[in-house]
There are 2 protein chains.
Amino acid sequence: MRNEINAKDVAKLAGVSQSSVSRVFFGGASVSEKTRKKVLAAAEELGYTPNEFARSLITNKTRIIGLVMKGVKNPFYPQVLKEFAEAFKRLGYSILFVQTNHDELQKEDVETLLNYHVAGVIITNATLSLKVTADFKKNKIPLILFNRKVEQPDLFSVCTNNLEASRQIAEFLIQKGCKDMVYISGQRNTSTSIEREKGFSEVLKKNQLTYRRYDSDYSYIGGYHTAKQIINEGCIPSAFFVANDIMAFGVLDALHEYSIEVPSVTKVVGFDNIDMAKWPVYHLTTWEQPISEMVDRTVEYMMAEIEEYTGRAENVEIEGKLIERSTT
Amino acid sequence: MRNEINAKDVAKLAGVSQSSVSRVFFGGASVSEKTRKKVLAAAEELGYTPNEFARSLITNKTRIIGLVMKGVKNPFYPQVLKEFAEAFKRLGYSILFVQTNHDELQKEDVETLLNYHVAGVIITNATLSLKVTADFKKNKIPLILFNRKVEQPDLFSVCTNNLEASRQIAEFLIQKGCKDMVYISGQRNTSTSIEREKGFSEVLKKNQLTYRRYDSDYSYIGGYHTAKQIINEGCIPSAFFVANDIMAFGVLDALHEYSIEVPSVTKVVGFDNIDMAKWPVYHLTTWEQPISEMVDRTVEYMMAEIEEYTGRAENVEIEGKLIERSTT
DNA sequence: CTGAAAGCGCTTACAG
DNA sequence: CTGAAAGCGCTTACAG
């Protein structure tokens, strides 16, 4: 039944001790070139790979990264997942995918991550309590917020520069001659939604312009219904700044349904620049989140913390750029 | 540093042996109610959870399911991922997410799965060699193909009934008066693409109709370019049967670009019924893959095989249904 | 039903 | 640089 090859088998074939086999595979230890070669040859012949569990039992560490996502309906997140999977694979790490159904990371999810002694945790579109943060800190498990941040920087987070992005979007729309605008937010308790409104609001105020805010939920259907509501209120704004692309698609479809022409009658700007934004049906003007860079920075910090835990907190913000298409 | 509570600590507090603690938590062993209560109370007090690695080292099993996906650009797969994550979470299993960049599962991916001694493996949009199949069989790791199947049934697979689906689609289009049709396939080596053509072809032949096949790649951009090519050839068919929804969107966008009206001039039928298919811009007639049922059947078989490995092979096919919308 | 003990396959001081 | 040995935290025959 237990037909696995273990370090002892390799040692016997190579004519060295089991410790030496371990040293060759664990790395960081000094082994003579001769021993290394013998071990590697024997391992190759037998098809040996170290048992991850025995290894983890000793080191109390795994080569698993916990990736927490709240949902994958917004295509932005599958794209993020893909990039993380690729980046960590190159580094020899695997992804434990944790889907949480609530806004806040649940106790059971945390227990899973803790049970598997993940090397680190990345949380994308969910929030977490102080207690949870403390749990990870206590276990010296690096924790990163991706595309979310918290005000008091006791966590490391990686976002695009949402404030600067929304300022530039506001300036862009003003320059296009828009005066009465609408901001459609995602869930109001998300840092992204808050910051995107903040920068937008700042610039409008400076230009003595006002705007109306409508709360939505970062989903297509949410954007669609919110836009319909606005249209039915009878007061079409000169531009919609929508907190993410997928909602912006909903807005465009609602406008289309009422034959309200874009960009002549009203304009629409999204956020994310997901793949679909460039599809001909939408061809949406939007803000590009530099996913690859964001992922790189996240991975870089993660590896450094795995190497030597510091718990250093910082809000990293990466510049994106406006992608101008046909909706403005 | 090692601040974890272990079974010994619990045993001491409960006043029993470490073996008894283990028996309470592992289950299946007979423990007196009195002992069980004492142990559970002590564990609760100390916040004990068994160390998964020590457990796995002994049992050679984990509570991890390997989920292999080739890409997540097609929204069908994130949806599948979500459903699997939820289903397995309820059963106390976690998901190791393996992204493979090639059509065929790579050696390194297999090694990862084997190294972590996953309890089972689900492969979605990738193929695998006979050698890999054998590797899993040798280790008695249940392996399931999801939305793919192989001809010689040495594997367990779960699909929708693609043959029946495409037959019904053909009949539906014939009934609508379509005569010269086009089938746009995904990658030609995928079972889904082959079977969807087969059923379609069968029914057309029976009705003495012919069709043209164009090979594409299951991507939006692939569908878009293929449709453009067809349009440029100057011979617009009366209907397009497109092997998945996301390609169908590309087809619709190309038709729109050339102002070819749907469904009056030509009709389009997709496959999958992903969320976006019901969006007003597309409102695509398509075949609904019963994801939930497919996931349920997969999970059911997986759990049975984890309980007691049989290696039983079967091609399970689940009936879907035609969703009629505005493109036909 | 319960406890003492062996053992899973590793890493890592400790001597040499 | 290398080997013998302890120990990580469990499960599981084995006795009682």
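Since the structure is predicted, the reported quantities are computational estimates derived from the model, not experimental observations. Here is how names work: the chains are called A, B, and so on, in the same order as the sequence lines, proteins then strands, and each is numbered from 1.
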Requested in this report: Take the protein atom NE2 of A:His117 and the nucleotide atom P of D:dC8, then report the distance between them rounded to whole Å.
Outcome: 14 Å

**Report entry** Any B:Ser56 side-chain nitrogen or oxygen under 4.0 Å from OP1 or OP2 of D:dC10
**Finding:** no

Requested in this report: Describe, in one word, how the ring planes of B:Phe97 and A:Phe97 are oriented to each other, choosing from parallel (under 30°), tilted (30 to 60°) and perpendicular (over 60°).
Outcome: tilted

Query - OP1 or OP2 of D:dG9 under 4.0 Å from side-chain N/O of B:Asn6 - result: yes

**Report entry** Under-4.0 Å salt bridge between A:Glu305 and A:Arg312
**Finding:** no

Requested in this report: Mind calculating the distance between NZ (A:Lys12) and C1' (C:dG9) to the nearest angstrom?
Outcome: 15 Å

Requested in this report: Using a heavy-atom cut-off of under 4.0 Å over every strand shown, decide if B:Ser22 touches base, sugar-phosphate, or nothing.
Outcome: base

Report summary line: Quick note, B:Leu57 side chain, CB onward, closest among C:dC8, C:dT11, C:dG3 is C:dC8

Report task. Please determine, for C:dA4, whether a Watson-Crick or G-U wobble partner exists with both distances under 3.5 Å, and give it or none. Result -> none

Query raised in the report: Is any side-chain nitrogen or oxygen of A:Thr59 closer than 4.0 Å to OP1 or OP2 of D:dC8?
Result: no

Requested in this report: Indicate yes or no: does A:Asp109 engage B:Lys89 in a salt bridge with an N to O separation below 4.0 Å.
Outcome: yes

Query raised in the report: Base, sugar-phosphate, or nothing: which does B:Ser19 touch, judged by heavy atoms less than 4.0 Å apart?
Result: base

Query raised in the report: Closer to the 5' end of DNA chain D via nearest nucleotide, is it B:Lys8 or A:Lys34?
Result: A:Lys34

Requested in this report: Report the base-pairing partner of C:dA13 (Watson-Crick or G-U wobble, both distances below 3.5 angstrom), or none.
Outcome: none

Query raised in the report: The side chain of B:Gln18 lies closest to which of these nucleotides: D:dG7, C:dA5, D:dA4?
Result: C:dA5

Report task. Choose from D:dT2, C:dG9, C:dA4 the nucleotide whose nearest atom is closest to any side-chain atom of B:Arg23. Result -> C:dA4

Query raised in the report: Rounded to whole angstrom units, what separation is found between the CD1 atom of A:Ile58 and the P atom of D:dC8?
Result: 8 Å

